[in-house]
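For reference, the structure is listed below as structure tokens.
In what follows, every heavy atom counts, from backbone to side chain, and hydrogens, waters and symmetry copies are set aside. All figures in this text were calculated on a predicted structure; none of them were measured in a lab.
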Amino acid sequence: MITTLFILFLIIVYSIILHEVAHGYVAYKLGDYTPKYEGRITLNPIPHIDPLGTLVLPLVSFYLAKIIFGWAKPVLYNPYNLKNPQRDSIYIALAGPLVNIFLALFFLLLYKFSSQEIWLLGLRINLTLAIFNLLPIPPLDGSKVFLYKLSLEDYSYLENYGFLIIFVFIFFMGGYLFQFVNLVQNFLLRSINML
């Protein structure tokens, strides 16, 4: 039991951390060295940890409601260092959710060949992170993809209320979000079982 909880803890923490590393790495490859200078292109968890968002909240939310809610310290980048700031910012934003999608598929394969429930949790955690982060609510990654035509001033205004909007969304729409996660998870499980 303790071993399972420890593995689950590692899955949660590194799923969140790898999400942020992806943002930093893509920003770095697109010409902005800020994430590298700030030590964010590393698998060492310490530079990424927000004590509340990365450690406490994900475990508490999963234990109480079987959902994952949390965050790592956001990776900062300077859009003025990018060749095409608008386009490249979208690439940077998409990098995090794409990593979670790849991790979800990785855990799907592990579950296929071992049937261990812990890998099914890894699949669900990463699907939830990917789908949730693609919501078009600032400061989530989806907002940078779907609201890219907003002016910086308008986006900053929305971002001021971002966490309030997120909490309201979870309260009123969270059930629908997790129904969608269930649909995607069940589709993937049916698909892998057909192979």
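- The aromatic rings of Tyr33 and Tyr28 stand perpendicular to each other, their planes meeting at an angle above 60°, with 30° marking the opposite boundary.
- Contact of the Phe169 side chain with the Leu135 side chain is registered, since non-hydrogen atoms from C-beta on lie closer than 4.5 Å.
- Note: the hydrophobic cluster containing Val168 also contains Phe180 (ILVMFWY, side chain heavy atoms under 4.5 Å, direct or indirect links).
- Lys73 NZ to Ile49 CD1: the interatomic distance, rounded to the nearest 0.5 Å, is 9.0 Å.
- For the pair Leu121 and Phe107, the minimum side-chain heavy-atom distance is 4.5 Å or more.
- Nearest heavy atoms, Ala130 versus Pro97: CB-O, 3.7 Å.
- Minimum interatomic distance between Thr42 and Gly39 (heavy atoms only, all atoms of both residues): CG2-O, 3.0 Å.
- Shown here is Lys36, whose NZ atom has no more than 12 heavy atoms of other residues, nucleotides or ligands within 6.0 Å.
- Hydrophobic clustering places Leu123 together with Ile11 (ILVMFWY residues linked when any side-chain heavy atoms are closer than 4.5 Å, directly or through intermediates).
- Residues Leu82 and Tyr25 do not share a hydrophobic cluster, defined by chaining ILVMFWY side chains whose heavy atoms lie under 4.5 Å apart.
- Annotation for Tyr111 and Glu117: closest pair OH-OE2, 3.8 Å, computed over non-hydrogen atoms.
- Note: Tyr155 OH to Tyr148 OH = 14.5 Å, rounded to the nearest 0.5 Å.
- One distance of note links CG of Leu110 with OG of Ser115; it measures 11.0 Å at 0.5 Å rounding.
- A centroid separation of 6.0 Å or more is found between the aromatic rings of Phe172 and Tyr176.
- By the 4.5 Å heavy-atom criterion applied to side chains, Ile17 and Pro47 are not counted as neighbours.
- Minimum interatomic distance between Lys83 and Asp88 (heavy atoms only, all atoms of both residues): N-OD2, 3.6 Å.
- In this structure, OH in Tyr14 is found 8.5 Å from NE2 in His48, a value given to the nearest 0.5 Å.
- Counting heavy atoms from C-beta on, the side chains of Leu127 and Leu188 come closer than 4.5 Å.
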Inset, instruction - I would like to know whether Arg124 and Asn182 meet side chain to side chain contact (heavy atoms under 4.5 Å, CB included); could you show each step before the answer? - result: CA-CA 8 Å; Arg124 184 170 186 79; Asn182 286 338; 2.6 Å; yes

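- No side-chain heavy atom of Ser143 sits less than 4.5 Å from a side-chain heavy atom of Leu158.
- A donor-acceptor pair is defined here as one N or O able to donate and one able to accept, closer than 3.5 Å; no such pair exists between the side chain of Asn81 and the backbone of Gly31.
- Heavy atoms only, all atoms of each residue included: Pro139 and Gly162 are closest at CD-CA, 4.4 Å.
- The two residues Pro138 and Glu159 have their closest heavy-atom pair at CB-CA, 3.7 Å.
- Taken to the nearest 0.5 Å, the CG atom of Asn160 stands 10.0 Å off from the CD1 atom of Ile165.
- One distance of note links CG of Leu134 with CG of Leu94; it measures 7.0 Å at 0.5 Å rounding.
- Legend: residues meeting ring-ring contact (aromatic ring centres under 6.0 Å, His included) with Phe9, ordered by chain and number and at least two apart, are absent.
- Taking hydrophobic clusters as Ile, Leu, Val, Met, Phe, Trp and Tyr residues chained together by side-chain heavy-atom distances below 4.5 Å, Leu30 does not share a cluster with Val21.
- Between Phe132 and Val181, the closest side-chain pair of non-hydrogen atoms is not below 4.5 Å.
- Here the side chain of Arg40 pairs no donor or acceptor atom with the backbone of Thr34 at under 3.5 angstrom.
- For residues 89-109, the side-chain hydrogen bond (donor to acceptor under 3.5 Å, both in side chains) pairs, not counting sequence neighbours, are His19-Asn100, Tyr77-Ser89, Asn100-Asn126.
- Within a 6.0 Å radius of CG in Leu183, other residues, nucleotides and ligands contribute more than 12 heavy atoms.
- There is no path of hydrophobic side-chain contacts, each under 4.5 Å, that joins Ile92 to Leu18.
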